Amino acid sequence: MRTARALWGSTHPGPSLVVTVLSLALGIAAGLEPWRLVVLVVAVFAGQVSVGLSNDAIDLFRDATVGRSDKPLVRGDTRVRTAWIAAGIALGVAVLLSAVLGWGMLFAHVIALVSAWSYNAGLKATPASLLPFLVSFGIFPSLATLSAPAPQPAALWAAFAGAMLGAAVHLTNVLPDLDDDRRTGVRGLPHRIGPAASVMLAVVGIVVAAIAVLVGSLIEGASPLAMIAFALLVAGIAAAVMIRMRRRGPDRTGFRLVMLAALVLALQLAVASGAA
């Protein structure tokens with residue numbers, strides 16, 4: 001049980017679960033049959049588990065150097081070899097289940113996962129640290145639509161909104177660790193432009209994503225009042241991100257608010273699909 005708890009704690013459980021719930025909402029919006037929906041959600045969850053475990057395994061030395069005692073691998077609750085094995089198994093499950101849903105879903109999910117793993121493997125320390133988030137989150141809405149019996153990529157506006165949200169996720173997630181990252185040689189885009197610019201860009205990303213989903217859902221024929229209400233809610237969350245981080249400095253709350261915005265936008269997509 002100790003090993004299981006340690007592995008779960010190393011998956012970045014909060015973000016992993018949020019992304020999994022996003023896949024559920026998008027699958028519902030795409031009108032997937034129950035079995036396809038279940039396979040999609042489990043495949044996405046397994047992929048997220050692999051990404052989280054690989055992140056902590058790769059960063060073990062860095063985390064130990066800066067005293068991250070909140071990390072199970074740093075505390076020695078389980079061995080890094082065990083984490084790598086679990087990450088490999090989870091990745092295999094994600095790929096196999098994606099294949100069950102078709103070649104399109106398999107291809108898209110593999111690209112998204114390769115992109116996420118590339119961030120862990122080294123892109124996080126370069127000016128291109130934002131790129132994996134643009135790619136993986138931009139692809140993400142298509143995972144649901146490509147899982148349908150008649151697969152097709154998500155609408156361009158949905159992919160664009162996903163990419164903008166991915167940018168906001170990256171820019172807010174790393175802010176609490178800027179100083180620790182600098183000590184261990186990690187200098188991604190947020191480290192180079194600073195926290196103030198990162199927060200501003202994250203807020204812009206959230207607002208642009210909300211506008212994209214609003215315009216796209218209206219084109220699809222959804223109720224204007226409901227869609228405007230959703231957009232205003234996301235704009236309010238964006239404002240909360242800015243206010244929170246200006247008053248309290250970079251902390252995990254800003255990142256959690258961004259993930260909340262992602263959930264609201266996914267719910268808007270589901271409602272728009274049902275109303276169209």
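Quick caveat, the model's predicted, so the values are computed rather than measured.
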I'd like a table of donor-acceptor pairs (distance under 3.5 Å, sequence neighbours excluded) in which one partner is a side-chain atom from residues 72-96, with atom names and distances.
residue	atom	partner	partner atom	Å
Arg75	NE	Asp77	OD2	2.9
Arg75	NH1	Ser69	O	3.0
Arg75	NH1	Asp70	O	3.2
Arg75	NH2	Asp77	OD2	2.7
Asp77	OD1	Arg2	NH2	3.3

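- Scanning both residues, Ala168 and Ile206, for their nearest heavy atoms gives CB-CG1, 3.8 Å.
- The hydrophobic cluster containing Leu232 also contains Val241, counting ILVMFWY residues as joined when their side-chain heavy atoms lie under 4.5 angstrom apart, directly or transitively.
- Expressed to the nearest 0.5 Å, how far CG of Leu189 lies from OG of Ser129 amounts to 5.0 Å.
- Of all non-hydrogen atoms in Leu146 and Ala108, the two that sit nearest each other are CD1-CB, 3.6 Å.
- Under the 4.5 Å side-chain heavy-atom criterion for grouping Ile, Leu, Val, Met, Phe, Trp and Tyr, Leu218 is connected to Val234 within one hydrophobic cluster.
- Note: the hydrophobic cluster containing Ile139 does not contain Val114 (ILVMFWY, side chain heavy atoms under 4.5 Å, direct or indirect links).
- Asp63 meets the salt bridge (charged side-chain N to carboxylate O under 4.0 Å, His left out) test with no other residue; sequence neighbours excluded.
- Proximity of Val199 to Thr172: side-chain heavy atoms (C-beta onward) are nowhere separated by under 4.5 Å.
- Residue pairs meeting the ring-ring contact (aromatic ring centres under 6.0 Å, His included) criterion with at least one partner in residues 186-222, sequence neighbours excluded, do not occur; the list is empty.
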Begin with the C-alpha distance, continue with both residues' side-chain angles, and end with the deciding distance and a verdict on side-chain contact (heavy atoms from CB on, under 4.5 Å) for Thr184 and Phe61.
CA-CA 9 Å; Thr184 55; Phe61 175 76; over 6 Å; no

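- Taking Ser198 as the reference, nothing meets the side chain to side chain donor-acceptor pair (under 3.5 Å) condition, with sequence neighbours excluded.
- Put simply, the side chain of Ser142 gets close to the backbone of Ala154: a donor and an acceptor are under 3.5 Å apart.
- For Tyr119, the ring-ring contact (aromatic ring centres under 6.0 Å, His included) partners at least two apart in sequence or on another chain are Phe133, His170.
- The CG atom of Leu130 lies 8.5 Å from the CD1 atom of Ile193; values are rounded to the nearest 0.5 Å.
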Run the side-chain donor-acceptor check on residues 36-43: report pairs under 3.5 Å with partners two or more places apart or on a different chain.
residue	atom	partner	partner atom	Å
Arg36	NE	Glu33	OE2	3.0
Arg36	NH1	Ser147	O	3.0

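- By the 6.0 Å contact criterion, CE on Met200 is open, its count of non-hydrogen atoms from other residues, nucleotides or ligands being 12 or less.
- In this structure, Leu143 and Val44 have side chains that are in contact, with non-hydrogen atoms separated by less than 4.5 Å.
- To the nearest 0.5 angstrom, Phe45 atom CZ is 12.0 Å from Leu97 atom CG.
- No side-chain heavy atom of Phe230 sits under 4.5 Å from any side-chain heavy atom of Leu265.
- Taking the side chain as every heavy atom from C-beta outward, Leu257 and Thr253 approach each other to under 4.5 Å.
- Taken from CE in Met105 to OG in Ser98, the straight-line distance is 3.5 Å, to the nearest 0.5 Å.
- Val174 and Val66 are members of different hydrophobic clusters when ILVMFWY side chains are connected at heavy-atom separations under 4.5 Å.
- Here the closest non-hydrogen pair linking Ala161 and Ala209 is O-CB, 3.6 Å.
- In terms of the side chain to side chain contact (heavy atoms under 4.5 Å, CB included) criterion, residue partners of Leu263 (sequence neighbours excluded) are, by chain and number, Val18, Val21, Leu22.
- Between Ser23 and Thr20 the shortest heavy-atom distance is OG-O, 2.5 Å.
- Contact record, Ala212 with Phe160: CB-CD2, 3.9 Å, taken as the closest heavy-atom pair.
- Evaluation of the side chain to side chain contact (heavy atoms under 4.5 Å, CB included) rule for Asn173 yields Arg252, Phe255 as partners, not counting sequence neighbours.
- For Pro13, the side chain to side chain contact (heavy atoms under 4.5 Å, CB included) partners at least two apart in sequence or on another chain are Trp8, Thr11.
- Here the shortest heavy-atom pairing between Arg187 and Arg192 reads O-NE, 2.7 Å.
- Distance CG/Leu214 to CE/Met227: 8.5 Å, rounded to 0.5 Å.
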Please lay out, stage by stage, how Met164 and Val204 fare under the test side-chain contact (heavy atoms from CB on, under 4.5 Å).
CA-CA 9 Å; Met164 292 300 98; Val204 169; over 6 Å; no

Mind listing the side-chain donor-acceptor pairs of residues 120-128 below 3.5 Å, one per line with the distance, residues two or more places apart or on another chain?
residue	atom	partner	partner atom	Å
Asn120	OD1	Asn55	ND2	2.9
Asn120	ND2	Val51	O	3.0
Asn120	ND2	Ser54	OG	2.9
Lys124	NZ	Asp59	OD2	2.5
Thr126	OG1	Leu123	O	2.9
Thr126	OG1	Ala128	N	3.1

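- Pro195 is not listed as a side-chain neighbour of Pro190, based on a closest heavy-atom distance of 4.5 Å or more.
- Partners of Ser115 according to the side chain to side chain contact (heavy atoms under 4.5 Å, CB included) rule, which considers only residues two or more places apart in sequence or in another chain, are Pro132, Val135, Ser136.
- Qualifying side chain to side chain donor-acceptor pair (under 3.5 Å) partners for Trp157, counting only residues two or more places apart in sequence or in other chains: none.
- Atom CG of Leu156 is surrounded by 12 or fewer heavy atoms from other residues, nucleotides or ligands within 6.0 Å.
- Leu26 and Val169 fall within the same hydrophobic cluster, where Ile, Leu, Val, Met, Phe, Trp and Tyr residues are linked whenever their side-chain heavy atoms come under 4.5 Å apart, directly or through other members.
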Leu101 vs Leu106, test: side-chain contact (heavy atoms from CB on, under 4.5 Å). Steps then yes/no.
CA-CA 7 Å; Leu101 294 170; Leu106 174 62; over 6 Å; no

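- Remark: Met242 CE to Ile237 CD1 distance equals 14.5 Å, nearest 0.5 Å.
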